[in-house]
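Take a look at the structure set out below.
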Amino acid sequence: MTELSQIVKELSLPAFTARQIADWLYRKNIASIEEMTNISVKNRATLSEKYVVGISEPVDVRVSKDGAKKYLFPASDNGKYIESAFIPEYDRATVCISSQVGCRMGCAFCMTSQQGFQGNLSSTGILNQYRSIPEHENITNIVFMGMGEPFDNADELMKSLEILTSDYGYALAPKRITVSTIGIIPVIRSFMDSSRCHIAVSLHHPEATERRKMMPVENKYPVKEVIALLRTYNPNKQQRISFEYVMLAGVNDSLQEANSLARLVSGLRCRINLIRYHSMSGSSFVSSSEQTIEQFAGSLKKKGLITTVRRSRGMDIDAACGMLSTKHLNTITC
Ligand code: SF4
């Protein structure tokens with residue numbers, strides 16, 4: 001709201017125009033300034049000289065036979081792309097959005113990582129994905145699990161969360177939003193201090209030496225320290241801490257690793273989400289078998305950990321993070 005107030009001030013428009021613009025943008029979902037009919041024609045013209053309503057047309061859409069959809073949006077006019085996924089299931093519809101173009105975190109199993117870092121998205125670029133998906137009105141949940149590390153773009157992430165959850169914005173309940181991170185400790189601290197949205201930490205291996213090989217972030221922010229920090233918070237039932245764990249055959253899926261994982265998070269109110277791996281060309285990683293995943297989940301459950309195995313969605317449409325945009329980039333450059 002501060003930025004909208006600043007804009008109307010700079011354009012010498014009445015102060016209450018900021019609230020009117022927010023109402024049109026976030027509640028009435030208009031597609032152009034021309035539709036803001038309670039703002040005078042002259043003031044709409046002034047606004048239109050500098051601003052547009054930033055709804056983007058996807059440049060590619062893939063529809064899975066399971067109903068999931070993957071949208072590819074232009075990130076800017078420099079030929080880069082970001083991905084957003086729409087995942088309907090039972091009584092909810094989740095949109096998975098990106099926070100960066102590419103990523104600099106270098107996780108070995110991730111397709112986005114192979115693109116390298118191409119830039120941060122602005123809060124507008126983040127919100128446009130939510131707003132531009134044709135199924136916008138049906139969305140019940142948002143997860144920041146698309147391209148990029150959200151906490152590596154903390155200012156723009158926090159701005160977008162404010163607009164998504166505030167009364168003047170989209171007014172979504174924070175419990176409908178989950179932000180994923182590989183564990184950037186200073187940002188986790190400020191996020192936990194200021195947000196009631198859920199947090200999901202990408203853990204993927206319980207032992208530091210092995211995790212380091214897959215996730216360079218372990219060198220700077222060991223997951224043990226991430227967990228120690230999370231233990232200092234006592235989130236109420238409205239805010240959930242979860243750990244994401246991609247199941248990789250022969251890498252992190254033994255019962256010994258399940259035991260290490262259980263020890264690592266023991267006593268912390270959290271849940272573990274086990275994720276099947278989407279194979280990608282050029283990668284040596286392979287998803288664990290269904291039987292192994294079941295045994296791993298069973299072992300965690302026996303130790304009292306709330307454990308879910310995430311259903312694989314959009315396997316036929318390159319729905320894993322970074323797969324479609326990498327393919328698109330390759331198509332364009334080849
Ligand atoms: S898994 Fe997430 S943090 Fe790691 S490289 Fe991929 S997008 Fe970045």
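Predicted model only: the values in this text are computed from it and were never measured. Sequence positions, counted from 1, serve as the residue numbers for this chain. Atoms within each ligand, like the ligands themselves, are counted from 1 in listed order.
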Worksheet item: Is the side chain of R276 donor-acceptor paired with the backbone N or O of R310 at a distance under 3.5 Å, no angle test?
Response: yes
Fill in: Between CZ on residue R212 and NZ on residue K220, distance to nearest 0.5 Å
15.0 Å
Worksheet item: Which atoms from ligand 1 have a heavy atom of M105 less than 4.0 Å away?
Response: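 Counting from 1, the qualifying ligand atoms are 3 (S), 8 (Fe).
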Discussion item. Distance under 4.0 Å to a non-hydrogen atom of S113: what atoms of ligand 1 satisfy this?
Written reply: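 Result: 5 (S).
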Worksheet item: Out of curiosity, does I87 fall in the hydrophobic cluster containing I139 (side-chain heavy atoms, cut-off under 4.5 Å, transitive links)?
Response: no
Item to complete: Going by heavy-atom distance to atom 1 (S) of ligand 1, choose the closest among G146, C110, G183, G148.
Response: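 The residue whose heavy atom sits nearest atom 1 (S) of ligand 1 is C110.
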Fill in: Residues K69 and E135 bridged, charged N to O under 4.0 Å
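Salt bridge present between K69 and E135.
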Discussion item. Can you tell me if, anywhere in C107, an N/O/S atom lies at a distance from atom 6 (Fe) of ligand 1 that is smaller than 2.8 Å?
Written reply: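 It does not; every qualifying atom lies at 2.8 Å or beyond.
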Discussion item. Restricting to ring-ring contact (aromatic ring centres under 6.0 Å, His included), what partner residues turn up for F296, sequence neighbours left out?
Written reply: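 Result, ring-ring contact (aromatic ring centres under 6.0 Å, His included) vs F296: Y245.
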Practice prompt. Assess C103: does it contribute an N, O or S atom lying under 2.8 Å from atom 8 (Fe) of ligand 1?
Written response: yes
